[in-house]
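Notes for the one structure printed next.
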Amino acid sequence: MDNAGCRDVVPMVGQDQYGNRYYEDFHGDDSNDSQLSTRWVEYSDRFEWWMTGRKLPPEWHGWLHRQYDDAPTPENTAFHNPVFKRRHRPNASGEPHHYVPLGHDLSPAKKTFRNYVKARVYHSWEPQDRPKRYD
């Protein structure tokens with residue numbers, strides 16, 4: 001009997017350090033081509049008022065956008081994860097600890113930076129006096 005387009009539960013491919021869960025449906029219809037799969041993420045903050053994708057590690061972002069064929073799970077030895085890579089820092093825009101340039105009005109070091117700028121002295125460049133050579 002046909003199940004009217006409903007499929008069984010799609011298996012989870014993996015989970016990252018932030019609790020986001022990743023899925024891949026091999027039977028999904030992507031651009032009218034049933035050979036391609038559909039990949040998506042279920043964010044860990046999905047029950048909060050404003051769900052954001054700020055905590056999406058780069059390796060899983062690459063998998064979602066089909067830069068990698070294999071999912072970057074800890075069990076996958078084919079995925080290259082260098083030891084010198086920096087930890088992912090979420091985007092802090094709109095939060096109290098976001099980056100503010102030194103000259104910005106909200107910067108705590110604004111007064112120090114303004115004093116530094118005022119203390120700089122401008123010296124124009126003057127060419128050295130050399131005798132002209134005519135060869």
Side-chain angles (χ1 to χ4, degrees):
M1 181 175 175
D2 188 22
N3 56 3
C6 298
R7 293 184 294 272
D8 295 334
V9 176
V10 178
M12 183 174 69
V13 174
Q15 186 171 0
D16 63 7
Q17 64 267 25
Y18 300 112
N20 300 327
R21 293 184 289 199
Y22 300 89
Y23 299 92
E24 184 171 19
D25 187 5
F26 290 102
H27 304 292
D29 190 11
D30 191 7
S31 300
N32 296 327
D33 187 2
S34 61
Q35 298 296 323
L36 297 176
S37 62
T38 303
R39 297 176 179 177
W40 71 92
V41 61
E42 187 177 87
Y43 295 111
S44 60
D45 61 352
R46 65 188 181 277
F47 296 117
E48 294 181 12
W49 187 257
W50 298 105
M51 181 179 63
T52 60
R54 286 190 269 175
K55 294 183 179 178
L56 189 66
E59 51 269 0
W60 282 103
H61 179 269
W63 179 79
L64 283 171
H65 292 273
R66 303 186 185 282
Q67 293 174 347
Y68 313 122
D69 290 332
D70 298 329
T73 57
E75 300 85 25
N76 186 2
T77 57
F79 186 77
H80 179 65
N81 195 4
V83 295
F84 56 83
K85 188 175 79 173
R86 297 167 73 185
R87 288 184 54 97
H88 172 72
R89 292 186 306 162
N91 184 2
S93 297
E95 295 184 5
H97 59 280
H98 67 280
Y99 172 74
V100 179
L102 290 175
H104 195 271
D105 290 337
L106 299 177
S107 174
K110 178 184 175 187
K111 186 175 182 180
T112 308
F113 180 72
R114 295 283 182 188
N115 291 338
Y116 166 74
V117 170
K118 289 178 184 177
R120 291 189 301 178
V121 178
Y122 174 74
H123 298 287
S124 63
W125 179 78
E126 295 180 11
Q128 298 177 355
D129 293 332
R130 291 186 180 176
K132 293 182 180 179
R133 285 196 233 170
Y134 298 103
D135 292 332

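For His98, the ring-ring contact (aromatic ring centres under 6.0 Å, His included) test picks out no residue, with sequence neighbours left out. Residues satisfying the salt bridge (charged side-chain N to carboxylate O under 4.0 Å, His left out) test with Arg114, not counting sequence neighbours, are none. Remark: Asp105 pairs with Lys110 by the salt bridge (charged side-chain N to carboxylate O under 4.0 Å, His left out) rule, at least two apart or across chains. Glu95 is linked by a salt bridge (charged side-chain N to carboxylate O under 4.0 Å, His left out) to Arg54, counting only residues two or more places apart in sequence or in another chain.
Annotation: the span from Glu24 atom CD to Arg39 atom CZ amounts to 4.5 Å, rounded to 0.5 Å. Rounding to the nearest 0.5 angstrom, the gap separating the CD atom in Gln15 from the CH2 atom in Trp60 is 9.0 Å.
The closest side-chain heavy-atom distance from Met12 to Glu42 is not below 4.5 Å.
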(request) Begin with the C-alpha distance, continue with both residues' side-chain angles, and end with the deciding distance and a verdict on side chain to side chain contact (heavy atoms under 4.5 Å, CB included) for Leu56 and Leu64. (result) CA-CA 10 Å; Leu56 189 66; Leu64 283 171; 4.2 Å; yes
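The nearest pair of heavy atoms linking Gly14 to Thr73 is CA-CG2, 4.1 Å. When all heavy atoms are compared, the tightest approach of Leu106 to Val100 is C-CG1, 4.1 Å.
Using a 30° and 60° split on the angle between ring planes, Trp63 and Tyr22 fall in the perpendicular class, above 60°.
Heavy-atom neighbours of Asp69 CG from other residues, nucleotides or ligands within 6.0 Å: at or below the threshold of 12.
The backbone N or O of Ser44 sits less than 3.5 Å from a side-chain atom of Asn20, completing a donor-acceptor pair. Remark: the backbone N or O of Gln67 is not paired with any side-chain donor or acceptor of His65 at under 3.5 angstrom.
In this structure, Phe113 shares a hydrophobic cluster with Leu102, Tyr116, Val117, the cluster being traced through Ile, Leu, Val, Met, Phe, Trp and Tyr side chains under 4.5 angstrom apart. Other residues sharing a hydrophobic cluster with Tyr18 under the 4.5 Å side-chain heavy-atom criterion for ILVMFWY residues do not exist; the residue is a singleton.
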